[in-house]
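Below is one structure, written out as structure tokens; comments come after it.
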Amino acid sequence: MSDMRGERLQVMLSPEELTAIDDFRFKHRMPTRAAAVRELLKMGLTAIAADGGGMKSSHYGVFNRGPDGHTHGSDQDPAA
């Protein structure tokens, strides 16, 4: 893969997802969030290639989502 980064990717994250990225970043002593995201993408793509994929699009969230597709905070009833 080329070190030239000509494309910008904008991603909206929940507070929980951002915390997970920051935790990974600091645990692995990475210089930036972008570096952490690139490493996590590389790891995820490698894992998917190794197991053959076959996942539904709903499986690609960082955290579990309810049947309506939304995350449920601790103050909400997941059954609601």
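Values reported hereafter were calculated over all heavy atoms of this structure, with side chains retained and with hydrogens, waters and symmetry mates removed.
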Give me each pair satisfying salt bridge (charged side-chain N to carboxylate O under 4.0 Å, His left out) with a member in residues 30-44, each pair once, sequence neighbours excluded. Asp22-Arg33, Glu39-Lys42

Single-linkage hydrophobic cluster Val37~Leu45, side-chain heavy atoms < 4.5 angstrom: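 Val37 and Leu45: separate clusters.
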
Determine whether Phe26 and Ile21 fall in the same hydrophobic cluster, where Ile, Leu, Val, Met, Phe, Trp and Tyr are linked whenever their side-chain heavy atoms lie under 4.5 Å apart.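 Unlinked, Phe26 and Ile21 end up in two clusters.
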
To the nearest 0.5 Å, what is the distance between OG1 on Thr19 and CZ on Arg25?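 Between Thr19 OG1 and Arg25 CZ, I get 13.0 Å after rounding to 0.5 Å.
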
